[in-house]
Every structure is written in C-alpha cells, then in structure tokens.
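In what follows, residues are counted from 1 in the order of the sequence shown.
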Amino acid sequence: MATTKYEVTYIIKPDVDEEAKKTLVDGYDKVIADNGGTMVESSDWGKRRFAYEINKYREGTYHIMTFTADSAKAVDEFTRLSKIDDAVLRSMTVKLSK
C-alpha cells in the first residue's frame, strides 16, 4: 500500500492557555501516531488575526501538522475528534502530492 503525505492546519481558540494548548497539540499528535501515521513536522504558527469572525473570535492560534500514513484512518480520526473539540475553531486537511 502506498504511503500518502498529509498536511493538517487547525485553529485553536485564542483564550486557551499555554499549558492546555500544549496538551491539545500533544493529544492530536498522539492521535495521528496511534492510527498509523508518522509525524514529519508539528509546528505552531502563532496567533493570527482572521479576515472574518469565526464563532465570535477575531483571532486564533494556528498549528500545522505534516505526516505520512498508509491509510486515511489517522485523518478520519483527527477530523472526528477536532469537530467535537470546543477548543478547535476550524481545521483543514490537504493531501500532498507524492
């Protein structure tokens, strides 16, 4: 089975404190690893202002993950969990070319 490279960008609410943000990021990195993904990079882009309001917030903390996986199981589990997590405002997954 071919390995696919993915990039996930997600936005964390700006009022989440540093310790809770670190726990959240570590948790999502673990979700990827537990579901067959291999982390290439997980980096914080910091707080940025939005072009428009999202859930009454004007800014958010961006985090980018790049990883490889043999199946979409890791992506599906991340998507499921991020949609029900109140601390995540938005997320986007992109399948990178080989």
Side-chain angles (χ1 to χ4, degrees):
M1 184 169 236
T3 301
T4 306
K5 191 171 186 179
Y6 297 95
E7 181 179 89
V8 174
T9 304
Y10 58 100
I11 306 171
I12 304 167
K13 287 182 178 179
D15 53 8
V16 173
D17 63 40
E18 284 299 315
E19 187 175 314
K21 184 176 82 168
K22 181 171 177 12
T23 303
L24 180 98
V25 168
D26 291 344
Y28 284 131
D29 289 352
K30 187 174 178 347
V31 165
I32 298 301
D34 289 350
N35 287 283
T38 304
M39 192 63 64
V40 174
E41 182 181 9
S42 180
S43 60
D44 190 18
W45 273 16
K47 227 176 242 190
R48 297 180 185 239
R49 188 163 173 78
F50 300 147
Y52 56 89
E53 208 172 83
I54 301 174
N55 295 345
K56 300 186 180 173
Y57 288 97
R58 300 294 282 153
E59 64 181 13
T61 305
Y62 283 71
H63 193 84
I64 311 293
M65 293 188 302
T66 306
F67 62 93
T68 59
D70 291 335
S71 70
K73 183 178 176 187
V75 174
D76 294 342
E77 185 63 9
F78 169 82
T79 303
R80 185 184 75 78
L81 292 173
S82 67
K83 283 183 179 182
I84 60 176
D85 191 342
D86 290 338
V88 177
L89 293 172
R90 290 276 195 282
S91 70
M92 179 178 71
T93 303
V94 177
K95 184 176 173 182
L96 301 174
S97 62
K98 295 179 182 182

*Should V40 and T68 count as side-chain neighbours, where that means a heavy-atom distance under 4.5 Å?*
yes
_Heavy-atom side-chain proximity of V31 to L81 below 4.5 angstrom_ = yes
*Set of residues satisfying side chain to side chain contact (heavy atoms under 4.5 Å, CB included) with respect to A33, sequence neighbours excluded*: none
*Would a 4.5 Å heavy-atom cut-off, applied to side chains only, mark V25 and Y10 as touching?*
yes
_Working to the nearest 0.5 angstrom, can you tell me the gap between F67 CZ and F78 CZ?_
8.0 Å
_Would you say that L24 contacts V16 through its side chain, given a criterion of any heavy-atom pair below 4.5 Å between the two side chains?_
no
*Out of curiosity, does I32 fall in the hydrophobic cluster containing I11 (side-chain heavy atoms, cut-off under 4.5 Å, transitive links)?*
no
*Taking all atoms of both residues into account, what is the closest heavy-atom pair of H63 and S42, and its distance?*
NE2-OG, 2.8 Å
*With sequence neighbours left out, what residues match E18 under salt bridge (Lys or Arg N to Asp or Glu O under 4.0 Å)?*
K21
*Just jot down the salt bridge (Lys or Arg N to Asp or Glu O under 4.0 Å) partners of D26, sequence neighbours excluded, or say none.*
K22
Please tabulate, one pair per line, all N/O donor-acceptor pairs under 3.5 Å involving side-chain atoms of residues 83-92, not counting sequence neighbours.
from : atom 1 : to  : atom 2 : distance (Å)
D85  : OD1    : A87 : N      : 3.0
D85  : OD2    : Y28 : OH     : 2.8
S91  : OG     : S82 : OG     : 3.4

_N35: partners by side-chain hydrogen bond (donor to acceptor under 3.5 Å, both in side chains), with sequence neighbours left out_ = none
*So which heavy atom on P14 is nearest to which on G60, and how close?*
CD-CA, 4.1 Å
*Do you know which two heavy atoms are closest between Y6 and A69, and how far apart they sit?*
CE1-CB, 4.1 Å
*Output every pair passing salt bridge (charged side-chain N to carboxylate O under 4.0 Å, His left out) with a member in residues 48-60, not counting sequence neighbours, ordered by first then second residue.*
none
*asked:* Suppose we screen for side-chain hydrogen bond (donor to acceptor under 3.5 Å, both in side chains). Which residues come up paired with T9, at least two apart in sequence or across chains?
replied: none
*Looking at residues at least two apart in the chain, or sitting in another chain, which of them share a side-chain hydrogen bond (donor to acceptor under 3.5 Å, both in side chains) with D34?*
K30
*With sequence neighbours excluded, what pairs up with Y57 under the side-chain hydrogen bond (donor to acceptor under 3.5 Å, both in side chains) test?*
D15
*Can you tell me how far the CE atom of M39 sits from the OG1 atom of T66, to the nearest 0.5 Å?*
8.5 Å
*Would you say V94 and I64 are hydrophobically clustered, going by side-chain heavy atoms of ILVMFWY under 4.5 Å?*
no
*Residue pairs passing the ring pair (Phe, Tyr, Trp, His ring centres under 6.0 Å) test where at least one lies in residues 33-54, sequence neighbours excluded*: none
